[in-house]
Asker: 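Sharing a structure with you now.
Positions are given from 1, in the same order as the sequence printed here.
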Amino acid sequence: MKRRTLLSAVGAAGVGAALIRPGSAAAATYAGYAMAYFTESPTMTAANYGLHLAVSADGLNWTPLNQNNPVATPTLGSKGLRDPFILRKQSGGFVVLATDLNGTDWSYQSQYIHVWDSADLRTFTGYRLLKVHSLATHAWAPEAYWDASRGQYAVVYSAVTGGHNVLMVNYTSDFVTASAPSVFFDPGYDAIDGDFVSVNGVNYMYFKNNTNSTLLGTRSSTLNPGSFAIYTSAIGPGRGAEAPQIVKANAAGTWYMWGDTWSPNGRFFCWQTADVAAGSWTLLNDRAYTQPLNSKHPGITPITSAEQSALTSAWGAPKWNRVKSYNFPDRYVRHSDNVGRIDVYPFDPYQDQLWTLVPGLADATGVSFRSVNYPDRYLRHSNYALVLNANDGTSTFAADATFYKTAGFADSTWTSFRSYNYPTRYLRHYNYVLRIDPITSTSSTTDKQDATFRIGY
């Protein structure tokens with residue numbers, strides 16, 4: 001969510017990456033992740049308040065599904081959602097929870113949350129609203145976890161009581177009816193967006209201090225309301241952050257924590273640690289991760305390789321790509337006023353960064369960059385500068401618009417693009433503008449980095 005004022009609310013995240021793994025899934029080998037989210041962009045042209053899904057093999061670089069369109073849309077309450085969360089249930093399958101809010105009217109009151117059941121995240125059934133309180137306020141960012149001591153699920157969300165946001169909890173066995181609400185965590189100031197993990201028998205909850213838009217960690221030896229105490233200093237990326245979401249790397253002893261920001265709107269940050277107990281997190285370079293396009297407020301759950309393959313088969317990977325700069329990894333290749341350049345994500349029109357990498361116009365073994373929002377136009381070089389022009393059908397245009405993918409000069413796992421008709425020249429940025437220049441293995445480190453890119457989504 002966008003920044004909001006104290007007492008009126010802000011952010012929205014939630015609580016609870018299942019602390020106790022389902023019995024049937026405990027023996028499963030998780031090899032990937034699914035992310036639930038909604039979409040917004042700086043000028044809100046990408047705003048869509050349906051359920052979106054993305055998958056990732058490494059938990060860092062994400063592939064939006066269904067062309068980044070929603071896979072389910074609320075039809076009750078406000079008929080829109082924010083802050084979706086996925087929980088793998090004890091009996092198998094999943095439940096999806098989300099805030100009942102269509103847009104950014106922070107004064108909107110709802111005593112309900114959206115709920116879907118899903119056997120596989122490919123079909124969504126039993127859609128309903130779950131009432132969690134009768135207060136004249138909201139129920140933001142619901143998340144849930146299995147509380148083995150109670151034999152029930154805890155549903156935790158943000159609501160205003162006592163003059164400020166606290167984290168409330170209800171207990172349920174079926175996500176159809178729930179117990180009366182009670183206060184789960186109240187530090188005495190506006191607190192939202194709790195998220196739980198359990199490590200070595202200790203329960204950790206991270207939340208947003210809404211008075212200064214930083215993230216804080218708490219811990220408890222139990223899951224009882226009122227038992228969590230702060231143990232970290234404030235965590236932030238140098239600007240306001242919210243919606244912490246913690247997940248463990250499936251193949252290593254590393255934990256990642258994601259956070260969202262509204263300045264600019266729709267920008268994720270990611271931290272990592274090898275020791276959650278220490279409470280010290282290192283902010284990752286943007287080179288390490290790529291969020292789904294226009295994604296807001298992630299809800300992440302581990303999945304098996306079979307589940308990831310089935311999701312990709314069912315919903316499909318995007319037909320377009322985004323291309324990230326190696327040495328300015330917060331910037332993506334885009335066109336602006338028909339000039340090729342790299343700009344800081346996110347921006348509008350967001351479609352300017354979407355490319356269909358088609359077989360090269362001059363040589364099908366190469367590639368050409370066709371614009372998604374101007375599909376008759378391609379990136380081509382003219383006087384060595386990259387411009388977006390309509391294909392005039394000439395052999396000169398085809399040659400200018402064709403490039404060969406090679407191993408990245410700065411990182412062989414990334415990509416460099418060699419010009420078809422000027423084979424000693426490669427696509428690179430200079431002062432954020434794209435051009436083709438001679439690049440060799442003996443070129444400067446900066447030149448080689450300028451000519452290295454990552455093709456992703």
Asker: Pair Y350, N373 - check side chain to side chain donor-acceptor pair (under 3.5 Å), show working.
Answerer: CA-CA 10 Å; Y350 69 87; N373 52 345; over 6 Å; no
Asker: Would you check if the side chain of S227 reaches a backbone N or O of L223 as a donor-acceptor pair within less than 3.5 Å?
Answerer: no
Asker: Any chance you could measure N170, atom CG, to Q152, atom CD, to the nearest 0.5 Å?
Answerer: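 N170 CG to Q152 CD: 10.5 Å, rounded to 0.5 Å.
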Asker: What is the minimum heavy-atom distance between H335 and S371, and which atoms define it?
Answerer: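 Looking at all heavy atoms of both residues, the closest pair is NE2-OG, 3.4 Å.
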Asker: Pair Y332, F347 - check ring-ring contact (aromatic ring centres under 6.0 Å, His included), show working.
Answerer: CA-CA 10 Å; Y332 287 78; F347 52 78; 7.8 Å; no
Asker: Can you tell if the side chain of R239 reaches within under 4.5 Å of the side chain of F269, non-hydrogen atoms only?
Answerer: yes
Asker: Whether the side chain of Q291 engages the backbone of F268 through a donor-acceptor N/O pair (distance < 3.5 Å, no angle test) should be reported.
Answerer: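 Such a contact is found between Q291 side chain and F268 backbone.
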Asker: Side chain to side chain donor-acceptor pair (under 3.5 Å) for N294 and T39? Distances and angles first, verdict last.
Answerer: CA-CA 5 Å; N294 298 324; T39 59; over 6 Å; no
Asker: Is the number of heavy atoms from other residues, nucleotides or ligands within 6.0 Å of OH (Y127) greater than 12?
Answerer: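 Yes, because the 6.0 Å sphere around OH of Y127 holds more than 12 heavy atoms from other groups.
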Asker: Under the 6.0 Å and 45° cation-pi test, does R219 pair with Y206?
Answerer: no
Asker: Do you know the tightest heavy-atom contact between W355 and V333?
Answerer: NE1-O, 3.1 Å
Asker: Do the two ring centres, one from Y256 and one from Y289, sit under 6.0 Å apart?
Answerer: no
Asker: To the nearest 0.5 Å, what is the distance between OH (Y108) and OG (S78)?
Answerer: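 Spacing of OH (Y108) from OG (S78) equals 4.5 Å.
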Asker: Students often mix this up, so state it plainly: with edges at 30° and 60°, are the rings of W140 and H138 parallel, tilted or perpendicular?
Answerer: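 W140 vs H138 ring planes: parallel.
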Asker: Apply side chain to side chain donor-acceptor pair (under 3.5 Å) to N61 and S56, showing your working.
Answerer: CA-CA 6 Å; N61 295 288; S56 171; over 6 Å; no
Asker: Which heavy atom of G59 sits nearest a heavy atom of W258, and at what distance?
Answerer: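 The pair with the smallest heavy-atom distance is O-CZ2, 3.2 Å.
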Asker: Would you call Y33 and T301 a side-chain contact if the rule is heavy atoms closer than 4.5 Å?
Answerer: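 No - every pair of side-chain heavy atoms lies 4.5 Å or more apart.
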Asker: Below 4.5 Å, heavy atoms only, C-beta onward: do F417 and V367 meet side chain to side chain?
Answerer: yes
Asker: About how many Å separate CG of L81 and CG of N102, when rounded to the nearest 0.5 Å?
Answerer: 8.5 Å
Asker: Would you say that T161 contacts T137 through its side chain, given a criterion of any heavy-atom pair below 4.5 Å between the two side chains?
Answerer: no
Asker: Below 6.0 angstrom between ring centroids: does that apply to F207 and F228?
Answerer: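 Ring-ring flag for F207/F228: false, centres at least 6.0 Å apart.
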Asker: Quick check: closest heavy atoms across L60 and C270, and the distance to 0.1 Å?
Answerer: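 Nearest heavy atoms, L60 then C270: CD2-SG, 4.0 Å.
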Asker: Are H164 and Y189 close enough that their ring centres sit under 6.0 Å apart?
Answerer: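 Aromatic pair excluded; centres sit 6.0 Å or further apart.
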Asker: Quick one: does any side-chain atom of T232 pair with a main-chain N or O of G217 as donor and acceptor, under 3.5 Å?
Answerer: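 Present.
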Asker: Is K208 salt-bridged to D193, cutoff N-O under 4.0 Å?
Answerer: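 Result for this pair is no, no salt bridge flagged.
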Asker: So, does N69 use its side chain to make a donor-acceptor pair with the main chain of N66 at under 3.5 Å?
Answerer: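 Flag set: sc N69 to bb N66 pair under 3.5 Å.
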Asker: Regarding R322 and the six-membered ring of Y457, is the cationic atom NZ or CZ under 6.0 Å from the ring centre and inside 45° of its axis?
Answerer: no
Asker: Answer yes or no: is there a side-chain heavy-atom contact under 4.5 Å between N327 and H429?
Answerer: yes
Asker: Between Y326 and F453, is a ring-ring contact (aromatic ring centres under 6.0 Å, His included) present by the stated rule, with each step listed?
Answerer: CA-CA 5 Å; Y326 177 84; F453 303 87; 9.6 Å; no
Asker: In terms of ring plane angle, is the pair F175 and Y153 parallel, tilted or perpendicular, where the classes change at 30° and 60°?
Answerer: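 Geometry flag for Y153 against F175: tilted rings.
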Asker: Verify side chain to side chain donor-acceptor pair (under 3.5 Å) between N338 and R377, making sure each step is shown before the conclusion.
Answerer: CA-CA 9 Å; N338 295 324; R377 302 181 190 183; 3.0 Å; yes
Asker: Any salt bridge linking R267 with D260? Criterion: basic side-chain nitrogen under 4.0 Å from a carboxylate oxygen.
Answerer: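 No.
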Asker: Got a second to check how far R370's CZ is from L354's CG, nearest 0.5 Å?
Answerer: 12.5 Å
Asker: Assess the residue pair Y157 and D83 against the criterion (side chain to side chain contact (heavy atoms under 4.5 Å, CB included)); give the C-alpha distance rounded to whole Å, side-chain angles, the decisive distance to 0.1 Å, and a yes or no.
Answerer: CA-CA 10 Å; Y157 52 91; D83 326 317; over 6 Å; no
Asker: Between R82 and E40, is there a side-chain N and carboxylate O pair less than 4.0 Å apart?
Answerer: yes
Asker: Can L121 and W116 be said to form a side chain to side chain contact (heavy atoms under 4.5 Å, CB included), step by step?
Answerer: CA-CA 10 Å; L121 299 181; W116 287 267; over 6 Å; no
Asker: Could you tell me which non-hydrogen atom of N285 sits nearest to which non-hydrogen atom of P329, and how far apart they are?
Answerer: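 In this case the closest contact between N285 and P329 is OD1-CG, 3.1 Å.
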Asker: Donor-acceptor pair, distance only, cut-off 3.5 Å: does the side chain of R150 make one with the backbone of T172?
Answerer: no
Asker: Is the shortest side-chain heavy-atom distance between M257 and L215 below 4.5 Å?
Answerer: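 Answer yes - side chains close enough.
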Asker: Does K248 NZ have over 12 foreign heavy atoms under 6.0 Å away?
Answerer: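 Enclosed.
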Asker: Under a 4.0 Å threshold between the charged nitrogen and the carboxylate oxygen, would K89 count as salt-bridged to D174?
Answerer: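 Salt bridge flag = no for K89 with D174.
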Asker: If we ignore hydrogens and angles and just use 3.5 Å, is the side chain of D186 paired with the main-chain N or O of G188 as donor and acceptor?
Answerer: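 Pair found, side chain donor or acceptor close to backbone of G188.
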Asker: Do I303 and R88 have side chains that approach each other closer than 4.5 Å (heavy atoms only, starting at C-beta)?
Answerer: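 When only atoms from C-beta onward are counted, R88 and I303 do touch, with a gap below 4.5 Å.
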Asker: To check you understand the geometry: which heavy-atom pair defines the closest contact between V155 and P142, and what is its length?
Answerer: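 Scanning both residues completely, I find the closest heavy atoms to be CG1-CB, 4.4 Å.
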Asker: Is a side-chain N or O of T214 found less than 3.5 angstrom from the main chain of N209, in a donor-acceptor match?
Answerer: no
Asker: Does atom CG of D337 have more than 12 heavy-atom neighbours from other groups under 6.0 Å away?
Answerer: no
Asker: Once you round to the nearest 0.5 Å, how far does CD1 of I342 lie from CD of Q353?
Answerer: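 Nearest 0.5 Å value for the CD1-CD distance: 12.5 Å.
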Asker: Can you tell me if D100 uses its side chain to pair, donor with acceptor, with the backbone of A139 under 3.5 Å?
Answerer: no
Asker: Would you find a donor on one side and an acceptor on the other, under 3.5 Å apart, between the side chain of R334 and the backbone of D343?
Answerer: no
Asker: Can you tell me how far OH of Y231 sits from OG1 of T218, rounded to the nearest 0.5 angstrom?
Answerer: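 Reported to 0.5 Å precision, the distance equals 8.0 Å.
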Asker: Side chain to side chain contact (heavy atoms under 4.5 Å, CB included), that's the test. Do L357 and F369 meet it? Break it down for me.
Answerer: CA-CA 5 Å; L357 270 62; F369 294 83; 3.9 Å; yes
Asker: Any donor-acceptor pair under 3.5 Å linking the side chain of S158 with the backbone of L167?
Answerer: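 A pair under 3.5 Å: no.
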Asker: Decide side chain to side chain contact (heavy atoms under 4.5 Å, CB included) for V55 and W315; before the verdict, give the C-alpha distance in whole Å, the side-chain angles of both, and the deciding distance to 0.1 Å.
Answerer: CA-CA 11 Å; V55 293; W315 296 112; over 6 Å; no
Asker: May I ask you to test the S118-V95 pair for a side-chain heavy-atom distance under 4.5 Å?
Answerer: no
